[in-house]
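This one's a predicted model, so the numbers in the text were calculated from it and none came from an experiment. All residue numbers refer to positions in the sequence shown, counting from 1.
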Amino acid sequence: MKCISCAIPCVKEELDLGVTLKGGQSFRWVSCKDDEKSFQGVFSQTVWTLTQNDHQITYTVHGSLNEELNYDKVLYKYFRLNVSLREHLKTWSHADPHFENSCDKIGAVRMLDQDVTENLFSFICSSNNNIARISGMVEKLCTIFGEKICTVEGRVYHDFPTIQALAGANVEDILRKEGFGYRARYIAKSAQKLLTLGGKEWLLKLCKDSGAIYEDARENLMSLPGIGPKVADCICLMSLGHLEAIPVDTHIFQVACANYMPHLSKQKTVSPKIHQEVSSHLRDLWGPLAGWAQTVVFCVKINSVDSRKNKKRSSSEIDKTVHVEGQKSKQRK
C-alpha cells in the first residue's frame with residue numbers, strides 16, 4: 001500500500017485538530033490508538049492520519065494515491081487555512097462580549113470544507129441524534145455502500161457512497177435492518193430525487209462559488225426528503241461555502257435564549273419561524289462569517305455539557321452503562 005508523509009505550517013492558535021475534527025462537523029474521524037493527539041479519517045477519497053504540534057500539521061495519506069494531486073493544497077482547502085481565524089475571533093469578540101467569553105474556553109475551531117454528498121447524507125442521519133450515533137450510522141453507510149479505499153493497521157476504510165449507490169431499490173430496507181429507523185427512507189428518497197435533479201452536479205450549482213444565493217440554496221435543499229431548516233443550513237455552511245448560514249439546534253437555541261433573546265425562553269421547540277428569528281439575529285450580530293462563529297459557540301456548548309455529564313457520573317456508573325449498552329447490542333445482533 002502506498003503512503004506519503006508531509007507537513008504543512010499551521011500554528012495551534014489557528015487550528016485545534018481535536019475540537020475541530022470531533023466537534024460535530026464531520027463524523028469520520030477517530031483518535032489514533034497510540035496517540036490521542038493524532039487522528040485518522042477519510043476525505044477526498046483518501047485515508048489521512050493527522051498529527052499536530054504547536055507549529056505544524058504532519059499528515060500521512062494512505063491508499064491509491066494520485067501522484068498529480070498536491071495534498072498540501074487539499075489539506076489547506078479542507079481546513080480553510082487561507083482564512084485567518086485569529087482575525088475573525090477578534091472581530092466577533094469586539095461585536096459581542098458573550099462571544100468573547102465563549103472563545104476563551106475552547107481551542108481554535110475551524111470550519112471544514114466538506115464534500116457535499118457526504119455532508120448532506122450525514123446530516124440526514126443527524127435528526128434527533130447525537131454525535132456518537134451519527135458517526136456509527138455514517139460508518140455503516142460507507143461500509144455497506146461505499147467503495148473500499150485501503151486497509152490501515154488492520155482497519156478497512158471505505159469511501160463515502162455515491163448518490164447512485166444510495167438510490168438503489170433495496171437501500172431503505174437494508175438501512176432499516178441496520179437501525180436507521182425513519183432516516184432510512186429519507187436517505188433513499190433523497191438520493192432518488194437527487195438523481196432526477198441532476199445528481200451531484202445539481203448540488204454543486206448551489207455553491208456560493210457557483211454564484212448561488214444562500215437563501216435560494218437553502219430553499220432548494222429543503223425540497224429534498226428529510227431536510228428541514230437546520231439540516232439545510234448545515235449543508236450550506238459546511239459544504240456549499242455559505243458561511244453566513246446558521247444551523248439552529250437545541251444547543252444554539254439555548255445559547256440564544258440565555259444571552260441574546262430571552263423572550264424566546266418559554267418556547268419548547270425550535271419551529272421554522274424561531275429558527276429564522278434566531279439565525280437572523282446572530283447573522284446581524286456576527287456578520288458574513290456568522291456560521292463559523294456559531295460553530296465556535298456550538299463546540300463550547302457541547303464540550304461544557306460533556307464536562308458536566310462526566311463530573312456527575314462516577315466511574316462505576318460509566319462501567320455499568322457500558323455493560324448495559326453492550327448487552328443491548330448483543331441482543332440486537
Side-chain angles (χ1 to χ4, degrees), residues 19-27 92 96 98-99 102-103 105-106 109-112 114 118-138 180-183 186-187 190 214-215 217-219 221-222 224-240 242-286 289-309:
V19 72
T20 299
L21 297 178
K22 305 301 285 291
Q25 295 186 62
S26 173
F27 304 98
W92 298 325
D96 177 12
H98 293 296
F99 181 88
S102 290
C103 72
K105 299 176 182 177
I106 200 75
V109 182
R110 295 203 72 84
M111 196 74 245
L112 300 178
Q114 300 182 67
E118 177 175 342
N119 193 237
L120 185 150
F121 288 102
S122 295
F123 276 91
I124 288 179
C125 294
S126 74
S127 175
N128 296 313
N129 226 338
N130 58 50
I131 292 176
R133 286 200 68 224
I134 301 165
S135 299
M137 287 182 173
V138 170
F180 281 66
Y182 63 86
R183 304 170 194 87
Y186 289 151
I187 290 169
S190 280
Y214 158 59
E215 290 79 6
R218 187 173 184 267
E219 185 176 348
L221 289 168
M222 286 193 292
L224 298 172
I227 296 183
K230 187 199 79 171
V231 171
D233 275 331
C234 287
I235 299 163
C236 283
L237 173 64
M238 300 175 189
S239 57
L240 294 177
H242 299 286
L243 298 182
E244 69 269 44
I246 297 183
V248 181
D249 71 339
T250 301
H251 297 295
I252 294 302
F253 178 66
Q254 289 171 351
V255 170
C257 289
N259 296 331
Y260 310 103
M261 310 173 77
H263 65 281
L264 295 179
S265 58
K266 294 182 180 180
Q267 300 293 329
K268 295 182 179 180
T269 58
V270 182
S271 66
K273 181 180 178 181
I274 291 176
H275 185 288
Q276 186 64 36
E277 186 176 350
V278 171
S279 61
S280 294
H281 179 90
L282 295 178
R283 193 156 34 248
D284 289 342
L285 180 63
W286 292 332
L289 269 66
W292 194 332
Q294 172 269 342
T295 301
V296 175
V297 172
F298 175 83
C299 286
V300 172
K301 184 70 163 60
I302 63 171
N303 278 276
S304 66
V305 169
D306 289 344
S307 177
R308 287 197 299 270
K309 285 181 179 178

> Run the side-chain hydrogen bond (donor to acceptor under 3.5 Å, both in side chains) check on Gln276 and Ser280 step by step: do they pass?
Replying inline: CA-CA 6 Å; Gln276 186 64 36; Ser280 294; 3.2 Å; yes
>> Is there a side-chain contact (heavy atoms from CB on, under 4.5 Å) between Val270 and Asp249? Walk through the geometry before answering.
In response: CA-CA 8 Å; Val270 182; Asp249 71 339; over 6 Å; no
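In this structure, Val297 and Ile252 have side chains that are in contact, with non-hydrogen atoms separated by less than 4.5 Å. Counting heavy atoms from C-beta on, the side chains of Val300 and Val255 never come closer than 4.5 Å. Residues Phe99 and Val296 meet the side-chain proximity criterion, which asks for heavy atoms closer than 4.5 Å. Inter-residue side-chain proximity for Ile246 and Val278 is flagged as unmet; no heavy-atom pair is nearer than 4.5 Å.
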What pairs of donor and acceptor atoms, side-chain ones from residues 258-268 against any protein atom, are under 3.5 angstrom apart with sequence neighbours left out?
unit_1 : atom_1 : unit_2 : atom_2 : d
Tyr260 : OH     : Asp96  : OD2    : 2.5
His263 : NE2    : Glu277 : OE2    : 2.9
Ser265 : OG     : Pro262 : O      : 2.8

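Remark: Ser190 engages Phe121, Ile124, Leu224, Pro225 in a side chain to side chain contact (heavy atoms under 4.5 Å, CB included) (not counting sequence neighbours). In this view, Asn128 and Tyr182, Arg183 satisfy the side chain to side chain contact (heavy atoms under 4.5 Å, CB included) rule, not counting sequence neighbours. Thr250 meets the side chain to side chain donor-acceptor pair (under 3.5 Å) test with no other residue; sequence neighbours excluded. Looking at residues two or more places apart in sequence or on another chain, you find a side chain to side chain contact (heavy atoms under 4.5 Å, CB included) between Ser271 and Lys273, Ile274. In terms of the salt bridge (charged side-chain N to carboxylate O under 4.0 Å, His left out) criterion, residue partners of Arg218 (sequence neighbours excluded) are, by chain and number, Asp233. For Phe253, the ring pair (Phe, Tyr, Trp, His ring centres under 6.0 Å) criterion is met by no residue, not counting sequence neighbours. With sequence neighbours excluded, the residues satisfying side chain to side chain donor-acceptor pair (under 3.5 Å) with Ser239 are Asn119.
Across every non-hydrogen atom of Thr295 and Gln25, the tightest pair is CG2-NE2, 3.8 Å. Between Met238 and Met111, the shortest heavy-atom contact is CG-CE, 3.6 Å. Of all heavy-atom pairs spanning Phe180 and Cys125, the tightest one is CE2-SG, 3.9 Å. Among all heavy-atom pairs drawn from Ala290 and Trp286, the shortest one is O-CE3, 3.6 Å. For the pair Val248 and Lys230, the tightest heavy-atom approach, listed with the atom from each and the gap, is O-CG, 3.9 Å. The nearest pair of heavy atoms linking Ala217 to His242 is CB-NE2, 3.7 Å.
Exactly one residue among Ser127, Cys236, Ser126 makes a side chain to side chain contact (heavy atoms under 4.5 Å, CB included) with Val231. That residue is Ser126. Looking at Leu21, Val138, Leu112 one by one, the single match for side chain to side chain contact (heavy atoms under 4.5 Å, CB included) with Ser26 turns out to be Leu112.
Between atom CZ of residue Phe27 and atom OG of residue Ser122 there is a gap of 6.0 Å, rounded to the nearest 0.5 Å. Considering CD1 of Ile227 and CG of Leu221, their distance stands at 5.5 Å, rounded to 0.5 Å. Once rounded to the nearest 0.5 Å, the distance linking NE2 of His98 with CG of Leu285 reads 9.0 Å. Interatomic distance, CZ of Arg283 versus CG of Leu243, reported as 12.0 Å (0.5 Å rounding).
A donor-acceptor pair under 3.5 Å is absent between the side-chain atoms of Trp292 and the main chain of Leu237, judged by distance alone.
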